[in-house]
Amino acid sequence: MKYILPMLVIVFIFVPLDIYAKSETIKKVLYVNSYHSGYDWSDDITKAIKQTISDSAMKIDFKVIEMNTKLNYSEKFKIKAGLKVKHLIESFNPDVVIVSDDNAAKYVIVPYYLNSSLPFVFCGINGSAKLYNFSNKNVTGMLEVTFVPQLIEVIKKYSKGNRIVYFNDDTLSSYKHVLTFEEKLNTKVKKYFITSKKELEKYFVVAQKEADILILGTFPKLRASITKEYLKEYILKHTIIPSISTVKAGSEIALLTFANKPEEQGQWAANTALDILKGKKTSETKVVENKKAEIYINVMLMKKLKIVLPLALLENANIVE
């Protein structure tokens, strides 16, 4: 009897090695925006982060989540927004997380990720991050510092004295800003944190009688109840002392603005995240401060206040009419 042995056929499937290589090199980056699309500051940070990530040779799965805490400022909403980010982190499982501005730090990193193994890179945190007790084990970033000392140095030559008033709406960023101003200027600053159009109209005139120099914010919380045009018209009409601002949007209502460049924050944060993806530890990157600014001069206010700013400043400034 003959036994016919079945033929064993071995099929080799050749898969190009670069397919595996490509799948292995895909990294995940999550960007947490404290605010919302349409807010100039965070829009420019977001754009810079996206562009920097896109220009990288690395294969990156990039996601963005907005906390929307500029328009929804109740404590309950902020806590819920932070929890929503936590859930996304758990499902997306990023290799590194970029966060911008204070609310992402306060409501995401602090309650859930202090001293965790997940690396975070922050930007846009105002003045100092000391109150968050970050560890360099998993957190590094770029602080947002303003150029108020430099602004005061210029504008005090046109003021009648040294009394300073800060005038903005009632937000965490506003409180942090003015504390930083006081620390850097080594002086007390009178503060007005307004919550309504009625308070704006009531206290703006009062504030200028109590000061020689006015530091203006941009009142983002009031934008739901007053128009940009109204804010500009009202403040220009009632300004009687020199005013300064530290953000581009403030240049429409302040005499002199040294505006931080949000692109600097976004580019630095994204490049630092890319370094981490390549193996660098957060502890190897020191927390830094922004260094770049753009100059804006409001000529309508300059004429109204009968102030002639130095020619060298005018030649290097963006003129707002």
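The model shown is predicted, which means the values in this text are computed figures rather than measured ones.
The closest side-chain heavy-atom distance from H177 to T146 is below 4.5 Å. The shortest side-chain heavy-atom distance between S243 and I213 does not fall under the 4.5 Å cut-off. Using a 4.5 Å cut-off on side-chain heavy atoms (C-beta onward), V99 and Y31 make no contact. Counting heavy atoms from C-beta on, the side chains of E144 and N260 come closer than 4.5 Å. Looking at K188 and E182, their side chains come closer than 4.5 Å, going by heavy atoms from C-beta outward. Residues I244 and T257 fail the side-chain proximity criterion, which asks for heavy atoms closer than 4.5 Å.
Considering only residues two or more places apart in sequence or on other chains, Y296 meets the ring-ring contact (aromatic ring centres under 6.0 Å, His included) condition with none of them. Scanning for side chain to side chain contact (heavy atoms under 4.5 Å, CB included) contacts around E153 gives K156, with sequence neighbours left out. Qualifying ring-ring contact (aromatic ring centres under 6.0 Å, His included) partners for Y35, counting only residues two or more places apart in sequence or in other chains: Y39.
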Side-chain donor-acceptor pairs of residues 314-321 under 3.5 Å, sequence neighbours excluded:
| unit_1 | atom_1 | unit_2 | atom_2 | d |
| --- | --- | --- | --- | --- |
| N316 | ND2 | A312 | O | 2.7 |
| N318 | ND2 | I295 | O | 3.1 |

Kindly list each side-chain donor-acceptor pair under 3.5 angstrom involving residues 104-113, sequence neighbours excluded, with atom names and distances?
| unit_1 | atom_1 | unit_2 | atom_2 | d |
| --- | --- | --- | --- | --- |
| Y107 | OH | E75 | OE1 | 2.8 |
| Y107 | OH | E75 | OE2 | 3.1 |

Donor-acceptor pairs are to be reported for all side-chain atoms of residues 268-281 against protein atoms at under 3.5 Å, with residues two or more places apart or in another chain.
| unit_1 | atom_1 | unit_2 | atom_2 | d |
| --- | --- | --- | --- | --- |
| N271 | ND2 | Q267 | O | 3.1 |
| T272 | OG1 | W268 | O | 2.8 |

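The two residues N298 and E252 have their closest heavy-atom pair at ND2-O, 3.2 Å. H36 and D43 make their closest contact through O-OD1, 3.8 Å (heavy atoms, listed as atom of the first residue, atom of the second, distance). Minimum heavy-atom separation, P242 to I155: CB-CG1, 3.7 Å.
In this pair, F167 and Y192 present their aromatic rings tilted. The plane angle is within the 30 to 60° band.
Using modelled atom types and a 3.5 Å distance limit, the side chains of D102 and Y132 yield a donor-acceptor pair. In this model, a donor atom of one side chain and an acceptor atom of the other lie less than 3.5 Å apart for T69 and N103. Side chain to side chain, T282 and N136 fail the donor-acceptor criterion of an N or O pair below 3.5 Å.
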task: Check the pair F122, F134 against ring pair (Phe, Tyr, Trp, His ring centres under 6.0 Å), reporting the backbone distance first and the verdict last.
output: CA-CA 11 Å; F122 69 78; F134 291 151; 5.7 Å; yes
